[in-house]
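This report refers to the structure that appears directly beneath it.
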Amino acid sequence: MLRRPRYLLVLVVVAALGAGVAVIDDPAVAQVEPQPIVFHHVFSDGDGGNKASYTIPDAYAFTQGSYVLMVSASVVSAGTPNVPTVTGKNLNWQLVGTSASGTMRVAVYQAWADNPQASPNVTFDFAGQTQLRSSRSFFEARGGIDRQAPVRRIAFSSGTGTTAQVALPGFANPVANAAVFGVAKSNSSTITQELANEIADIGTGAEQHRLSPAWELGEETTPSASWSGSSNWIAVGLEISAGTDGPTPTTTTTVGPTTTTLGTGGLDGWIGCSMT
């Protein structure tokens, strides 16, 4: 016996999907998702050598086209630490924000690695003021950052105790934007970050000073960190804006009002670093 073609079933499925029928690679309807933000650790170090200028001696490199963030901390014996001038690697280092409390300062810098060079290495110049100790951590995103306004918000806080926290407003894009948090403190105990991806935990040994930055994809309006033993601290929180620069997805599927990315290129895993 011949079976009838199942046209009725096909019509029912199409009618049920309506506007949600998947259309693949149709330029009229397919959309491209921004590449997600992923930060990668590049280099971190600490110095307790009582210097007014410090050049990082080690070999390290920034990825062509990446967005670089750097969190630095410094301490003086008396007064307020100067804001360092940062140069090196053929990058245009821009001060995003800084805050001082007592004899300690935290500063955040950014740069686009449009044409990074192997030398000269990055130098911190404190305008003749000797720093008892200083530390810094560099990390980069290789795509997914808003080229025009990478840092949407920045906030600082300071205090004394075993916990540091910063308050940020609700994120402009609570899913695609990223939170970055950094804290510097005046004792040597290791730092436990609330955000999922700790980038480094840098100590300067007997100098009793630590710096730790971390990041996480998505909204976090109260990032924090904790440690043992009460100490003075300064913290910074940032909202990093997502964009469409960098490698783009290879294939997209549009289903109704949403777009799902089927494949992407150019991302490798996050690399963390912990130094004690």
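Every value quoted in this text rests on a predicted model; they were computed, and no experiment measured them.
Within a 6.0 Å radius of CD in Gln148, no more than 12 heavy atoms belonging to other residues, nucleotides or ligands are found.
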ask   = Can you list the steps and then say if Trp233 with Ser157 is a side chain to side chain contact (heavy atoms under 4.5 Å, CB included)?
value = CA-CA 8 Å; Trp233 55 267; Ser157 62; 3.3 Å; yes
message = Please determine whether side chain to side chain contact (heavy atoms under 4.5 Å, CB included) holds for the pair Leu69 and Val108, giving the CA-CA distance in whole Å, both sets of side-chain angles, and the decisive distance to 0.1 Å.
response = CA-CA 7 Å; Leu69 268 178; Val108 179; 4.0 Å; yes
request  = I would like to know whether Val122 and Thr87 meet side chain to side chain contact (heavy atoms under 4.5 Å, CB included); could you show each step before the answer?
outcome  = CA-CA 5 Å; Val122 176; Thr87 57; over 6 Å; no
inquiry  = If you apply the rule side chain to side chain contact (heavy atoms under 4.5 Å, CB included), what do you find for Val86 with Thr123, and how did you get there?
reply    = CA-CA 6 Å; Val86 182; Thr123 293; over 6 Å; no
CA sep, side-chain torsions, deciding dist, call: Asn232, Lys185, side chain to side chain donor-acceptor pair (under 3.5 Å) = CA-CA 6 Å; Asn232 298 327; Lys185 64 184 184 66; over 6 Å; no
message = Could you go through Arg136 and Ser134, starting from their C-alpha distance and side-chain angles, then the distance that decides it, and tell me whether this counts as side chain to side chain donor-acceptor pair (under 3.5 Å)?
response = CA-CA 7 Å; Arg136 68 283 308 159; Ser134 62; 2.7 Å; yes
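Annotation: side chain of Ile234 is not in contact with side chain of Val236 (no heavy-atom distance under 4.5 Å). At least one side-chain heavy atom of Phe62 sits less than 4.5 Å from a side-chain heavy atom of Leu91. In this structure, Arg153 and Leu238 have side chains that are not in contact, with every pair of non-hydrogen atoms separated by 4.5 Å or more. A 4.5 Å side-chain heavy-atom check between Val42 and Val68 finds every atom pair outside the cut-off. Between Leu132 and Asn50, some side-chain heavy-atom pair lies under the 4.5 Å cut-off. Using a 4.5 Å heavy-atom threshold, the side chains of Pro116 and Gln64 count as touching. In this structure the side chain of Met70 reaches within 4.5 angstrom of the side chain of Phe124, judged on heavy atoms. Side-chain contact check for Asn177 versus Ser241: some heavy-atom pair is nearer than 4.5 Å.
Rounded to the nearest 0.5 Å, atoms CG (Asn187) and OG (Ser230) are 8.0 Å apart. For the atom pair OG1 (Thr163) and CD1 (Ile191), the distance works out to 11.5 Å, reported to the nearest 0.5 Å. Between the CZ atom in Phe171 and the CD atom in Glu239 there is a gap of 4.5 Å [rounded to 0.5 Å]. Between the CD1 atom in Ile202 and the CZ atom in Phe43 there is a gap of 9.5 Å [rounded to 0.5 Å]. Taking OG1 from Thr190 and CH2 from Trp227, the interatomic distance works out to 11.5 Å, rounded to the nearest 0.5 Å. Note that OG1 of Thr98 is 8.5 Å distant from CD1 of Ile154, once rounded to the nearest 0.5 Å.
When only modelled atom types and interatomic distance are considered, Tyr60 and Asp45 share no side-chain donor-acceptor pair under 3.5 Å. Ser137 and Ser44 form a side-chain donor-acceptor contact under 3.5 Å, judged by distance and modelled atom types alone. Side-chain polar atoms of Ser135 and Arg133 form no donor-acceptor pair below 3.5 angstrom.
Residues Val83 and Val76 do not share a hydrophobic cluster, defined by chaining ILVMFWY side chains whose heavy atoms lie under 4.5 Å apart. Placement of Leu211 and Phe181 in two distinct hydrophobic clusters is found when ILVMFWY residues are connected by side-chain heavy-atom separations under 4.5 Å, directly or transitively. Linking Ile, Leu, Val, Met, Phe, Trp and Tyr whenever their side-chain heavy atoms come within less than 4.5 Å puts Val106 and Phe39 in one cluster. Val183 and Val180 fall into different hydrophobic clusters, where Ile, Leu, Val, Met, Phe, Trp and Tyr residues are linked whenever their side-chain heavy atoms come under 4.5 Å apart, directly or through other members.
Contact between Thr221 and Gly170 at its shortest, heavy atoms only, is CG2-CA, 3.9 Å. Between Ala176 and Leu217 the shortest heavy-atom distance is O-CD1, 3.4 Å. Closest approach of Leu168 to Ala155, counting heavy atoms only: CD2-CB, 3.8 Å. Shortest non-hydrogen contact noted between Val38 and Trp215 is CA-CH2, 3.8 Å. Heavy atoms only, all atoms of each residue included: Gly97 and Phe156 are closest at C-CZ, 3.4 Å. Minimum heavy-atom separation, Ala179 to Glu220: CB-CB, 3.9 Å.
Under the 3.5 Å distance criterion, the side-chain polar atoms of Glu194 are matched with a main-chain donor or acceptor of Ser224. Here the side chain of Lys51 pairs no donor or acceptor atom with the backbone of Thr130 at under 3.5 angstrom. Judged purely by atom type and a 3.5 angstrom limit, Gln110 has no side-chain atom pairing as donor or acceptor with the backbone of Pro150. In this structure, Arg142 contributes its side chain and Ser66 its backbone to no donor-acceptor pair below 3.5 Å. Under a 3.5 Å cut-off, the side chain of Thr103 and the backbone N or O of Thr80 do not form any donor-acceptor pair. Panel note: side chain Asp125, backbone Ser53; no donor-acceptor pair is recorded below 3.5 Å. Remark: the backbone N or O of Ser74 is not paired with any side-chain donor or acceptor of Gln131 at under 3.5 angstrom.
The residue from Tyr109, Phe138, Trp112 that alone fulfils the ring pair (Phe, Tyr, Trp, His ring centres under 6.0 Å) condition with Trp93 is Phe138.
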